[in-house]
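Count residues from 1 along the sequence.
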Amino acid sequence: MRIRAYVAAAAIVLVSAPLSGLAAQEVFPLDCDTCEQKPNPALAAAEVALINVVVNLFNRVTRGEEGEFAYVSPASWQRNIEIGWEFDDNNFATNMFAHPYHGAMYYSAARSNGMGYWASAPFAFGGSLMWEYLGETHLPAPNDFIATSVGGIALGEMLHRTSNLVLDNEATGGSRVWREIAGTLLNPVRGFNRLIHGDMGRVGRNPADRFPSNIRSLWDFGGRPVTDSVGNQERHFFATFNLWYGNPHNGDIKKPFDSFELRLQLNAADKSVIGRLQVLGTLYGDQLSSEESRDDPKKTNHIFAVTQHYDYLENQAFELGGQALGMGLLSRWPISDSFKLTSRVLGSFVLLGGIRSPYAEVSGRTYDFGTGLGLQTYIMGWHKNRQVLELVYWGEHLQVIDGSPGSHTVHILGATARFPILSFLGIGGSVTHAIRDGNFRDFPDITETGTRVGILLTFYTDR
């Protein structure tokens, strides 16, 4: 219900961005201690409230009869407070993607007003709580509160860090204009704050942490036949973007999300254009290896890590998403001067997950909400800083808390191999096999499987 509002808000800022960039640029000394805004929690709180007001008014104006939920009043506020919480029946994309994105805007209001990860996080919770009670006439939903706040923190910090890679306070002219436009597309609230603070046209020093110690990324373009559990098969084009921001083995574990991984997949002729969006960030890391091993990339290294996970997968065969916290081991295994393996083994607690269910008549949704435990095992091979191999196991067990009484167990196994043929170009293939078992109290149990095989054309874009 909120996506069109996000697009409109971003469009307003984008119209202003190039005008600001083309204006006369104010030059500040490049040796300034910092060119970032000082912490301003009062302004951040005002912006959180403004975001909710704008989205509410936009729904009133544009949604016609469907927008009746936006006509809030003291009476609706009192009703929400008196009756309290209930799970809602919004579609999967709204609950598992749109709500976290909304939360990312709350978080970004604080983050782009000079606050760090921990200081910005309460603004995501506060903004979500404000919306649930005051932003619409629907009863407050616990699924919305968790997805918007916890998911919004993960997406918000990822967007803040990736927009850092694009923005350049030292740039001028046309380059500056396009960087500000791209940065605002990535993070509209930050773009708005750069506009009102005058940072869009100000030349100065970049933040010291603009770039991590290492950035690795790639694009995959390809096609895959999709086989479902009854043997139907279709062919689809897809594109994926993988970003490895920072390197925990290089010391990028001092602050939350100093290192994180982003996986984005865009699907053609599928249920959703965004078929996959996953963010896994390191909240805390502790070196377990000796100091000699830490500093020598030719030696094995192990790190104990606490992580934050945001997952969103939606396609014709599968719906799975949620927010989780994990902990486990990050390892580096040098094999030769030019080839190494990295691995991560993480157990996780799923705060709230959503998974497709065949029994929509129970909740009015096509999916169940659940909480439970998960396990991730990734082994990645790197040749001269380019990923050439990936072996994946991802498993989750969710106990249903709203929907079809019972539980879901998911196993996803994947393998990808890439062969670089130029410094920036490679070819490869991937296979993914998913198994889902549903065990229900009042309905027949189910077992579903699906296999996807892809042929890849890979473009390496690492810095």
Colleague: In sequence, state the C-alpha distance, the side-chain angles, and the governing distance for Asn113 and Arg190, and then conclude on side chain to side chain donor-acceptor pair (under 3.5 Å).
Modeller: CA-CA 8 Å; Asn113 272 298; Arg190 186 180 191 183; over 6 Å; no

Colleague: For residues Leu346 and His309, determine if any side-chain heavy atom of one lies less than 4.5 Å from a side-chain heavy atom of the other.
Modeller: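 Yes, side chains in contact.
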
Colleague: Strictly below 4.0 Å, N to O, side chains only: are Glu261 and Arg161 in salt-bridge contact?
Modeller: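 Between Arg161 and Glu261 there is no salt bridge, as every charged N stays at least 4.0 Å from the carboxylate O atoms.
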
Colleague: Quick check: do Ile196 and Glu47 have side-chain heavy atoms less than 4.5 Å from each other?
Modeller: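 Yes, at least one pair of side-chain atoms sits under 4.5 Å.
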
Colleague: Run Glu180 and Arg194 through salt bridge (Lys or Arg N to Asp or Glu O under 4.0 Å) and show every step you take.
Modeller: CA-CA 9 Å; Glu180 295 293 338; Arg194 287 180 67 83; 2.9 Å; yes

Colleague: Excluding sequence neighbours, so at least two apart, what forms ring pair (Phe, Tyr, Trp, His ring centres under 6.0 Å) with Phe92?
Modeller: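 For Phe92 the ring pair (Phe, Tyr, Trp, His ring centres under 6.0 Å) partners, ignoring immediate neighbours, are Tyr312, Tyr367.
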
Colleague: Indicate whether any N or O donor in one side chain lies under 3.5 Å from an N or O acceptor in the other, for Asn315 and Asn267.
Modeller: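 Checked: Asn315/Asn267 side chains show no N/O donor-acceptor pair below 3.5 Å.
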
Colleague: Do Leu320 and Val410 come within less than 4.5 Å of each other through their side chains, counting heavy atoms only?
Modeller: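 A side-chain contact under 4.5 Å exists here.
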
Colleague: Please enumerate all residues that pass side-chain contact (heavy atoms from CB on, under 4.5 Å) together with Leu262, with sequence neighbours excluded.
Modeller: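 Once residues adjacent in sequence are excluded, the partners of Leu262 under the side-chain contact (heavy atoms from CB on, under 4.5 Å) criterion are Met158, Phe241, Leu243, Phe260, Leu277, Val279.
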
Colleague: Could you check Thr461 against Ser217 for side chain to side chain donor-acceptor pair (under 3.5 Å), going step by step and ending with a plain yes or no?
Modeller: CA-CA 5 Å; Thr461 54; Ser217 60; 2.6 Å; yes

Colleague: Does any N or O in the side chain of Arg276 come within less than 3.5 Å of the main-chain N or O of Asp311, such that one atom is a donor and the other an acceptor?
Modeller: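 Judged by distance alone, no pair lies under 3.5 Å.
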
Colleague: Using distance alone, with no hydrogens and no angle criterion, decide if Asn80 and Glu132 have a side-chain donor and acceptor under 3.5 Å apart.
Modeller: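 Absent: no donor and acceptor within the cut-off.
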
Colleague: Give me the atom names and distance for the closest heavy-atom approach of Thr137 to Val72.
Modeller: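 Of all heavy-atom pairs spanning Thr137 and Val72, the closest is N-CG1, 3.9 Å.
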
Colleague: Tell me, please, which residues at least two apart from Trp382 pass ring pair (Phe, Tyr, Trp, His ring centres under 6.0 Å).
Modeller: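 So Trp382 forms a ring pair (Phe, Tyr, Trp, His ring centres under 6.0 Å) with Trp244.
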
Colleague: Taking it one step at a time, do Trp394 and Leu313 satisfy side-chain contact (heavy atoms from CB on, under 4.5 Å)?
Modeller: CA-CA 13 Å; Trp394 177 21; Leu313 287 78; 3.7 Å; yes

Colleague: Can you find a pair of side-chain heavy atoms, one from Leu266 and one from Ile274, that are under 4.5 Å apart?
Modeller: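 Leu266 vs Ile274: side chains touch.
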
Colleague: Can a donor-acceptor pair be found, under 3.5 Å and without considering hydrogens, that links the side chain of Arg176 to the backbone of Ala171?
Modeller: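 Answer holds: yes.
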
Colleague: Any sub-3.5 Å donor-acceptor pair from Asn56's side-chain atoms to Asn52's backbone N or O?
Modeller: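 Not a single qualifying donor-acceptor pair exists.
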
Colleague: How close do Asp144 and Asp88 get, counting heavy atoms only, and between which atoms?
Modeller: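 The pair with the smallest heavy-atom distance is OD2-OD2, 2.8 Å.
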
Colleague: Would you name the heavy atoms of Glu157 and Pro256 that are closest together and state the gap between them?
Modeller: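 Closest heavy-atom pair between Glu157 and Pro256: OE2-O, 4.1 Å.
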
Colleague: Would you say Gln265 and Phe238 make side-chain contact, with heavy atoms under 4.5 Å?
Modeller: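 With C-beta onward as the side chain, the pair touches.
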
Colleague: Taking it one step at a time, do Tyr71 and Glu136 satisfy side chain to side chain donor-acceptor pair (under 3.5 Å)?
Modeller: CA-CA 7 Å; Tyr71 286 86; Glu136 56 187 0; over 6 Å; no

Colleague: Begin from the C-alpha positions of Leu155 and Met105 and carry the test side-chain contact (heavy atoms from CB on, under 4.5 Å) through to its verdict.
Modeller: CA-CA 9 Å; Leu155 289 184; Met105 293 200 299; over 6 Å; no

Colleague: For the residue pair Trp219 / Thr458, report whether a side-chain donor-acceptor contact shorter than 3.5 Å exists.
Modeller: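 There is no such pair (donor and acceptor under 3.5 Å, judged by atom type) between the side chains of Thr458 and Trp219.
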
Colleague: Decide side-chain contact (heavy atoms from CB on, under 4.5 Å) for Leu375 and Tyr393; before the verdict, give the C-alpha distance in whole Å, the side-chain angles of both, and the deciding distance to 0.1 Å.
Modeller: CA-CA 8 Å; Leu375 174 66; Tyr393 169 76; 4.1 Å; yes

Colleague: Evaluate side chain to side chain donor-acceptor pair (under 3.5 Å) for Gln387 paired with Arg418, printing each intermediate quantity in order.
Modeller: CA-CA 7 Å; Gln387 195 201 61; Arg418 301 181 179 90; 2.3 Å; yes

Colleague: What pair of heavy atoms forms the shortest contact from Arg210 to Tyr245, and how long is it?
Modeller: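 The answer is O-OH, 4.1 Å.
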
Colleague: Are side-chain heavy atoms of Thr300 and Ser331 found at a separation under 4.5 Å?
Modeller: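 The answer is no; the side chains never approach within 4.5 Å.
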
Colleague: Would a distance-only check, ignoring hydrogens and angles, find a side-chain to backbone donor-acceptor pair under 3.5 Å from Ser175 to Thr172?
Modeller: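 Checking the backbone N and O of Thr172 against the side chain of Ser175, no donor-acceptor pair under 3.5 Å is found.
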
Colleague: Can any side-chain N or O of Trp333 pair as donor or acceptor with the backbone N or O of Leu341 at less than 3.5 Å?
Modeller: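 No; zero donor-acceptor contacts below 3.5 Å.
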
Colleague: So, the side chain of Ser76 versus the backbone of Ser73: is there a donor-acceptor pair under 3.5 Å, distance only?
Modeller: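 Between the backbone of Ser73 and the side chain of Ser76 there is a qualifying donor-acceptor contact (under 3.5 Å).
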
Colleague: Quick one: do the Asp252 and Ser213 side chains pair a donor with an acceptor below 3.5 Å?
Modeller: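 Side-chain D/A pair, Asp252 to Ser213: present.
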
Colleague: Give a yes or no answer on whether the side chain of Thr371 reaches the backbone of Val350 with a donor-acceptor pair at less than 3.5 Å.
Modeller: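 Flag set: sc Thr371 to bb Val350 pair under 3.5 Å.
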
Colleague: Tell me the closest heavy-atom pair linking Glu314 and Ser272, and the distance in Å.
Modeller: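 Shortest heavy-atom separation between Glu314 and Ser272 comes out as OE1-CB, 3.5 Å.
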
Colleague: Is it the case that His302 and Ser289 place a side-chain donor and acceptor less than 3.5 Å from each other?
Modeller: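 No.
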
Colleague: Could you verify whether a donor N or O on one side chain and an acceptor N or O on the other, from Gln278 and Tyr310, lie under 3.5 Å apart?
Modeller: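 Distance-only check fails for Gln278 and Tyr310.
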
Colleague: I'd like to know whether the aromatic ring centres of Phe69 and His138 sit less than 6.0 Å apart in this structure.
Modeller: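 Phe69 vs His138: aromatic centres under 6.0 Å.
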
Colleague: Output yes when a side-chain donor or acceptor of Asn247 lies under 3.5 Å from a complementary backbone atom of Asn214, and no otherwise.
Modeller: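 Pair absent, no side-chain N/O of Asn247 close to backbone of Asn214.
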
Colleague: Check whether the side chains of Ser149 and Ser128 place a donor and an acceptor atom closer than 3.5 Å, and report yes or no.
Modeller: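 The criterion, which ignores hydrogens and geometry beyond distance, is not satisfied for Ser128 and Ser149.
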
Colleague: Checking Ser163 side chain against Leu159 main chain: does a donor-acceptor pair fall under 3.5 Å?
Modeller: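 Such a contact is found between Ser163 side chain and Leu159 backbone.
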
Colleague: side-chain contact (heavy atoms from CB on, under 4.5 Å) between Phe318 and Ile412: does it pass, once the steps are laid out?
Modeller: CA-CA 11 Å; Phe318 213 66; Ile412 300 175; 4.0 Å; yes

Colleague: Does a side-chain heavy-atom distance below 4.5 Å link Tyr378 with Thr342?
Modeller: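 No - every pair of side-chain heavy atoms lies 4.5 Å or more apart.
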
Colleague: Could you tell me whether the side chain of Arg216 and the main chain of Arg386 form a donor-acceptor pair under 3.5 Å?
Modeller: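 Side chain of Arg216 to backbone of Arg386: no pair is present.
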
Colleague: Identify the two heavy atoms, one from Thr307 and one from Met327, that lie closest to each other, and give their separation to 0.1 Å.
Modeller: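 For Thr307 and Met327, the tightest heavy-atom pair comes out as OG1-N, 4.1 Å.
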
